[in-house]
Number of protein chains: 2
Amino acid sequence: MNTREQILSKNYEAMCLHGFQGLRTDKVINELGITKGAFYHYFSGKKELGYAIVDEIIAPHYIGTFAPLKNSKNGSIEAITSVLEYLKGCSSRETIHIGCPLNNLVQEMSPLDDTFRDKLRGIFEAQKDLLVIALSRGVENGELKEGIMVEDVAFYIISGIEGSYALGKAFQSKKVFDRSIDQLIGYVRLLKKD
Amino acid sequence: MNTREQILSKNYEAMCLHGFQGLRTDKVINELGITKGAFYHYFSGKKELGYAIVDEIIAPHYIGTFAPLKNSKNGSIEAITSVLEYLKGCSSRETIHIGCPLNNLVQEMSPLDDTFRDKLRGIFEAQKDLLVIALSRGVENGELKEGIMVEDVAFYIISGIEGSYALGKAFQSKKVFDRSIDQLIGYVRLLKKD
DNA sequence: CCAAGAACATACAAACTAGTATGTATTTAA
DNA sequence: TTAAATACATACTAGTTTGTATGTTCTTGG
């Protein structure tokens, strides 16, 4: 991992815990054993580092997680519940305590910085679009009930995910997160035609 | 409004926008036209101010919103959907842009400060308890389907609410919030026996 | 081989920020 | 009425934190 990647990665970790405003870049730099010279060589400032973290770490990760929805073979509901199960599987007690980095950043920075806001909204929009693709396919091939508001359901699924992270964090409990996701899975299954 | 209440209230507003770490108490004090002397007379420090805001503003507000669940006459589902409708009604474009102050604070401070974490978790716990009361009554008097996991559903409803706030904030859209809450209302109605 | 830019290191500055120390006016209680 | 506590104001400090200016080494293309 080169210096730029190290700076990005360590600052991302620190930002997950302390938030963007609470992130102290110089502390991270010290921990890495490098100096300010390296930092300001690669990034013109703290904000630009933040934007780079969003573009190069957060966005690829969150869009990648939803990518399987694009062309799923076992039906759209199965594809969606697979994503939800995956979220349960890849989250540990520690990650739940920290919460969803994407949501953390939205909550903190959306009202304070337009660039952050637009970039982060774009990620959610991409997730929503992928859900809409999967759900629309399910409606077209008769897998889903008729009269489903595809976009509303897509928004709602994302909201259920972020809400589960929020609650898991509030209760410091992976179990609360899992149970909430399970209820969401139950809701998604109800979209299927009997 | 006395000086202490002014300090609490204005700092609360600023904290909703900037977060606790981003809150600059001296800036708020200047805007109020008072000085540091007044602030440190009433609060021993920034953290203690934060705790007071949680205890005296946030907790009463959020628990109050859920209080009608305690003894509702028109059935438990109606009581819960009423709360959800109320949340839609009392939120404007501006409040959605800022997000749910309770959730904001949880996301920011839970991993960083145990006192914040415990206080905030207590608020969610109180909300959950009130939902459990309403749902249990619904199960007992036969209003709800059998086999409902009362506590899981309670967690899930809170998660749906917080998720809706999070998404509304991410998309800077009250409409997204409303649509997500509507889906949650639809889910809650499905708990009813046909 | 050598010039030029890339990749850092070092030292310093400017602004901010929470908090303190102290002073004063006003209210309250004995 | 007077001592004491309350309710503030003023001025100052110590510690951060972001950022800059400048210097040095290393790499690389011609």
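Side chains included, hydrogens not; waters and symmetry mates left out as well; all remaining heavy atoms used. Every chain is numbered from 1, with letters handed out A, B, ... down the list of sequences.
- With sequence neighbours left out, the salt bridge (Lys or Arg N to Asp or Glu O under 4.0 Å) criterion links Arg179(A) to Glu151(B), Asp152(B).
- Within the structure, salt bridge (charged side-chain N to carboxylate O under 4.0 Å, His left out) contacts touching residues 180-194 of chain A (residues at least two apart or in different chains) are Lys88(A)-Asp182(A), Glu146(A)-Lys193(A).
- Checked for salt-bridge contact, Lys169(A) and Glu162(B) miss the test: no charged N lies under 4.0 Å from a carboxylate O.
- Among residue pairs with one or both ends in residues 5-23 of chain B, none qualify as salt bridge (charged side-chain N to carboxylate O under 4.0 Å, His left out); sequence neighbours excluded.
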Practice item. Please lay out, stage by stage, how Ile80(A) and Leu135(A) fare under the test side chain to side chain contact (heavy atoms under 4.5 Å, CB included). Key: CA-CA 9 Å; Ile80(A) 293 171; Leu135(A) 290 166; 3.7 Å; yes
Under 3.5 Å, which N/O atoms of the protein pair with N/O atoms of nucleotides 25-27 of chain D?
none

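- Under the 4.5 angstrom side-chain criterion for Ile, Leu, Val, Met, Phe, Trp and Tyr, Met149(B) has no cluster partners at all.
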Atom pairs under 3.5 Å: protein N/O with N/O of nucleotides 5-9 of chain D:
unit_1 : atom_1 : unit_2   : atom_2 : d
dA7(D) : OP2    : His41(B) : NE2    : 3.1
dC8(D) : OP1    : Thr3(B)  : OG1    : 3.3
dC8(D) : OP2    : Thr3(B)  : OG1    : 3.1
dC8(D) : OP2    : Tyr42(B) : OH     : 2.4
dA9(D) : OP2    : Thr35(B) : N      : 2.9
dA9(D) : OP2    : Thr35(B) : OG1    : 2.7
dA9(D) : O5'    : Thr35(B) : OG1    : 3.3

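- Protein chain A contacts DNA chain C over a range whose 5' and 3' limits, counting nucleotides with an atom under 4.0 angstrom from a non-hydrogen atom, are dA6(C) to dA11(C).
- With Phe20(B) as the aromatic partner, Lys46(B) meets the cation-pi criteria of under 6.0 angstrom to the ring centre and within 45 degrees of the ring axis.
- Contact check of residues 17-27 of chain A against DNA chain C (heavy atom, cut-off under 4.0 Å) returns no residues at all.
- Within residues 43-56 of chain B, the residues having any heavy atom closer than 4.0 Å to DNA chain C are, in order of number, Gly45(B), Lys46(B).
- For Asp26(A), there are no salt bridge (Lys or Arg N to Asp or Glu O under 4.0 Å) partners at least two apart in sequence or on another chain.
- Here Arg93(A) pairs with nothing under the salt bridge (Lys or Arg N to Asp or Glu O under 4.0 Å) rule; sequence neighbours left out.
- When atom types are taken as modelled, the side chain of Thr95(A) and the backbone of Ser92(A) share a donor-acceptor pair closer than 3.5 angstrom.
- Between Arg117(A) and Asp114(A), at least one side-chain nitrogen of the basic residue sits less than 4.0 Å from a carboxylate oxygen of the acidic one, meeting the salt-bridge criterion.
- When hydrophobic residues (I, L, V, M, F, W, Y) are linked wherever their side-chain heavy atoms come within less than 4.5 Å, the members clustered with Leu190(B) are Leu190(A).
- Taking the centre of each ring, Phe155(A) and Phe171(B) come in below the 6.0 Å mark.
- In this structure, a donor-acceptor pair under 3.5 Å is present between the side chains of Glu108(A) and Gln21(A).
- For Ser110(B) and Arg121(B), the side-chain atoms include no donor-acceptor pair closer than 3.5 Å.
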